[in-house]
Amino acid sequence: MENQKVRVRFAPSPTGPLHIGGVRTALYNYLFAKKHGGDFILRIEDTDSQRFVAGAEEYIIDAFNWLGIQFDEGVDYTTNKATIRQSERKPIYKQYVDQLLTEGLAYIAFDTPAELDAKRAEIANFQYDASIRSLMRNSLTLPKETVNTLISEGNQYVVRIKIEPGHDIIVNDLIRGEVKINSSILDDKVLFKSADQLPTYHMANIVDDHLMEISHVIRGEEWLPSAPLHVLLYRYLGWESTMPKFAHLPLLLKPDGNGKLSKRDGDRLGFPVFPLQWTEKDGNISTGYREAGYLPDAVVNFLALLGWNSGTEQEIFSMQELIEIFSLDRCSKSGAKFDFEKGKWFNHKYIQQKSNEEIAALFAPILIENGVTVSTEKTIQIVGMVKERVNFVKELWAQSSFFFVAPTTYEEKTVQKRWKAETPAQLIELIDVLNEISDVTPHATEEIVKAWIAEKEYHLGNIMNAFRLAIVGESKGPHMFDITAIIGKEETIARLKYAIETIK
RNA sequence: GGCCCAUUCGUCUAUCGGUUAGGACGCCAGGUUUUCAUCCUGGAAAGAGGAGUUCGACUCUCCUAUGGGCUACCA
């Protein structure tokens, strides 16, 4: 048992796009598995036929592909389809439900939703426990013949776990330590529904984790309250000695206010909560980290540090470094508010870290979108000049559009500040100076222009800022002579002439 | 309402009884940049409250408060 191979799973329900909190849970599972040379498994928990959403499963696999998180089992990467679905394992669960039934550890209940609602209204703090079940219509209160008759007549029923009250159940959590709960506050949870012949989450989850030899269950804190039930199920099924170890992760919280992070927060606060874009049935589109311009490794890094830290002051980690250094005992216990600003910073860092070639390749489609045709070589060069000023690849356009498109208007504030009465005459002189230059490299041009400014005793700042305004249209951008070298002498002069004519 | 979990700068966090309570994001200031941004330097900024235990508590215990989760024939 102690030397058992590490096998962990990510077990989403295909009820919609994968939430960023789910991504983090999966990431921690992945890091833990890889750290220990174990397996990471995808299992689709589609036991709720009502809430199934088409496309969700594909979305989940696409998202992890984008993030660079690979499953060892549960995905067929030639077709990009999930291979383990609970909805396809009905007979397996049924077998164990029957086992519990014959051993008297579970029972059949015929209560209708209406009957249950009535009881809830009647009894404060209603829970379906030892005292209540004696008042309800189930195989514990009804004669055996009646039960059989009800079933054969086609009445729907559920199977409930039979919980004995009055004893403590201990859950040993790797992150939280020992959590003790008294069985009296647990209710007889539904394990199986006759209507669709499917188990509920709890039953399917325990059976699958056991059968798949899962060693560690790493999941969100929202599962902590049902962990005692799960321990009980392992016990009832006779699997307690090989029960996986539990680790309940803190939740991702809203950046403002209270509550856990939800899809609506993204819409409301203007940041993605999904890895990839998702289009709903009604056509509503929720943006994703990918579409927002995030680099997948930046997202991974950012998420890894939301609820875990290395204990060092390092903050930038590659996936490989994370795998080496990750450990569950450095996970924090309290929920983490989602800080979108820090996410931007991570992306900025990752953009700087990448080569100009890589960033240029991501920028190329944006150039095409803007109707610009330019060589790869030049794109790489320009990216090198402006990438340090952006957080996202798409911001590169605003920082570099003047390389491709001449300004037709000029920022008013800068005109006021930089365009003096003598400026037009000086720039006409500058055109003459530039015309004489044969070596247009940044350095050579700079030498000559500066020599002219010095000779005429002009104010360097005044000339250069007016020059920049004419070429860029505003007061921003890289070194002036780097810009002129890229756009060329003809274009530089044309822009100067246009500015002289246009700016009054 | 009941049960469970949590609580260090605005945010993410370090600290595993003895520290000037450290780092990062963000913010502010200065520097670099002939511009803008980047970058560099500096600054403001925290132990929820109250009882214990201890020579000594951010750290251990209890109470309170606050936040979060669960309380479905959802997962």
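Being a predicted model, the structure only gives us computed values, none of them experimental. Letters A, B, ... mirror the listed sequences (proteins, then strands); counts begin at 1.
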Test your reading of the model: is there a side-chain donor-acceptor pair from A:Arg176 to the backbone of A:Lys333, 3.5 Å cut-off? yes

With rounding to the closest Å, how many angstrom separate the P atoms on B:U38 and B:C28? 12 Å

Any pair counted as salt bridge (Lys or Arg N to Asp or Glu O under 4.0 Å), so long as it reaches residues 110-123 of chain A, sequence neighbours left out: A:Glu115-A:Arg137, A:Asp117-A:Arg120, A:Lys119-A:Glu122

Using the test side chain to side chain contact (heavy atoms under 4.5 Å, CB included), find all partners of A:His459 that sit at least two apart in sequence or belong to another chain. A:Asn462

Remember a base hit wins even if backbone is also touched, and classify A:Lys344 as base, sugar-phosphate or nothing at under 4.0 Å, heavy atoms. nothing

Should the heavy atoms of other residues, nucleotides or ligands under 6.0 Å from CZ of A:Arg264 be counted, would the total exceed 12? no

Base, sugar-phosphate or nothing for A:Leu460? Non-hydrogen atoms, less than 4.0 Å. base

What protein N or O atoms touch nucleotides 40-49 of chain B N or O atoms at under 3.5 angstrom, if any, and at what distances?
none

With a 3.5 angstrom cut-off on both distances, give the Watson-Crick or G-U wobble partner of B:A6, or none if there isn't one. B:U66

Produce the list of close N/O pairs, under 3.5 Å, pairing protein atoms with atoms of nucleotides 30-32 of chain B; give distances to one decimal.
none

Please report the distance separating the P of B:G50 from the corresponding atom of B:A65, rounded so that it comes out in whole Å. 15 Å

Which residues pass the ring-ring contact (aromatic ring centres under 6.0 Å, His included) test with A:His210, not counting sequence neighbours? A:Trp239

Nearest whole angstrom, please: distance from the P of B:G10 to the CG of A:Leu253. 17 Å

Would you confirm whether A:Gln197, through its side chain, and A:Ser194, through its main-chain N or O, come within 3.5 Å as a donor-acceptor pair? yes

Taking B:A37 as the reference, what is the distance to B:A75 when you measure between their C1' atoms (whole Å, please)? 47 Å

The criterion is side-chain hydrogen bond (donor to acceptor under 3.5 Å, both in side chains); which residues satisfy it with A:Glu88, sequence neighbours excluded? A:Arg85

Residues which pass ring-ring contact (aromatic ring centres under 6.0 Å, His included) with A:Tyr59, listed by chain and number, not counting sequence neighbours: A:Trp278

For A:Phe403, give me all partners under ring-ring contact (aromatic ring centres under 6.0 Å, His included), at least two apart in sequence or on another chain. none

Return all side-chain donor-acceptor pairs below 3.5 angstrom for residues 301-312 of chain A, not counting sequence neighbours, or 'none' if the list is empty.
from, atom 1, to, atom 2, distance (Å)
A:Asn301, OD1, A:Phe317, N, 2.8
A:Asn301, OD1, A:Tyr350, OH, 2.5
A:Asn301, ND2, A:Glu315, O, 2.9
A:Trp308, NE1, A:Ser327, O, 3.2
A:Asn309, OD1, A:Gly311, N, 2.7
A:Asn309, OD1, A:Arg330, NH2, 3.3
A:Ser310, OG, A:Thr312, N, 3.1
A:Ser310, OG, A:Thr312, OG1, 2.7
A:Thr312, OG1, A:Gln314, N, 3.2

Which nucleotide, B:U13, B:U34, B:C36, lies nearest any side-chain atom of A:Ser332? B:U13

Look at A:Arg219 and B:C70 and indicate whether a side-chain polar atom (N or O) is within less than 4.0 Å of OP1 or OP2. no

NA contact type, A:Ala124, heavy-atom cut-off 4.0 Å: base, sugar-phosphate, or nothing? nothing

Would a distance-only check, ignoring hydrogens and angles, find a side-chain to backbone donor-acceptor pair under 3.5 Å from A:Asn29 to A:Val8? no

Side-chain donor/acceptor of A:Tyr294 to backbone N/O of A:Asn347, under 3.5 Å: no

Taking the P atom of each, how far is B:G42 from B:C9, in whole Å? 24 Å

Could you list the protein-to-nucleotides 4-8 of chain B atom pairs, N/O on both sides, closer than 3.5 Å?
from, atom 1, to, atom 2, distance (Å)
B:C5, O2', A:Arg176, NH1, 2.5
B:C5, O2', A:Glu221, OE2, 3.0

Using a cut-off of strictly less than 4.0 Å, decide whether A:Asn125 has a side-chain nitrogen or oxygen near OP1 or OP2 of B:G1. no

Using a cut-off of 4.0 Å on non-hydrogen atoms, how would the nucleic acid contact of A:Pro478 be classed: base, sugar-phosphate, or nothing? base

When you measure from the side chain of A:Lys387 to the backbone of A:Lys354, do you find a donor-acceptor pair of N or O atoms at a distance under 3.5 Å? yes

Please report, rounded to the nearest Å, how far the P atom of B:U34 is from the CG atom of A:Asn465. 10 Å

Under 4.0 angstrom, heavy atoms only, what part of the nucleic acid is A:His348 near: base, sugar-phosphate, or nothing? sugar-phosphate

Identity of whatever pairs with B:C55 - Watson-Crick or G-U, under 3.5 angstrom: B:G18

Restricting both atoms to N or O, compile the protein contacts to nucleotides 71-75 of chain B shorter than 3.5 Å, with distance only.
from, atom 1, to, atom 2, distance (Å)
B:C73, OP2, A:Arg160, NH2, 3.4
B:C73, N4, A:Asp111, O, 2.4
B:C74, O2', A:Asp48, OD2, 2.7
B:C74, O2', A:Arg51, NE, 3.3
B:C74, O2', A:Arg51, NH2, 3.4
B:C74, O2, A:Arg51, NH2, 3.2
B:A75, OP1, A:Thr47, OG1, 2.7
B:A75, OP2, A:Tyr201, N, 3.1
B:A75, O3', A:Ser13, OG, 2.7
B:A75, O3', A:Glu45, OE1, 3.4
B:A75, O2', A:Ser13, OG, 2.6

Can you tell if the side chain of A:Met464 reaches within under 4.5 Å of the side chain of A:Phe481, non-hydrogen atoms only? yes

For the residue pair A:Asp48 / A:Tyr201, report whether a side-chain donor-acceptor contact shorter than 3.5 Å exists. no

C1' gap between B:U19 and B:C74, integer Å: 49 Å

Separation between the P atoms of B:G23 and B:A45, rounded to whole Å: 14 Å

With C1' as the reference atom in both, quote the distance from B:A44 to B:C27 in angstrom, rounded to an integer. 9 Å

Pair partner, B:C28 [Watson-Crick or wobble, under 3.5 Å]: B:G42

Could you list all N or O pairs between the protein and nucleotides 18-25 of chain B that sit under 3.5 Å apart?
from, atom 1, to, atom 2, distance (Å)
B:G22, O2', A:Glu313, OE2, 3.1
B:G23, O4', A:Glu313, OE2, 3.1
B:A24, O4', A:Glu315, OE1, 2.9
B:A24, O2', A:Glu315, OE1, 2.4
B:A24, O2', A:Lys342, NZ, 2.7
B:A24, N3, A:Lys342, NZ, 3.3
B:C25, OP1, A:Trp345, NE1, 3.3
B:C25, O2', A:Lys342, N, 3.4

Starting at the 5' end of RNA chain B, which residue's closest nucleotide do you reach first, A:Lys417 or A:Arg330? A:Arg330

Distance in angstrom units between A:Asp129 CG and B:C3 P, rounded: 14 Å

With no hydrogens and no angle check, do the side chains of A:Thr414 and A:Glu474 hold a donor and an acceptor under 3.5 Å apart? no

Is there a donor-acceptor contact under 3.5 Å from the side chain of A:Ser355 to the main chain of A:Glu358? yes

Would you mind reporting whether A:Leu191 and A:Leu233 have side-chain heavy atoms less than 4.5 Å apart? yes

May I ask you to say what A:Gly220 touches in the nucleic acid, namely base, sugar-phosphate or nothing, with a heavy-atom cut-off under 4.0 Å? nothing

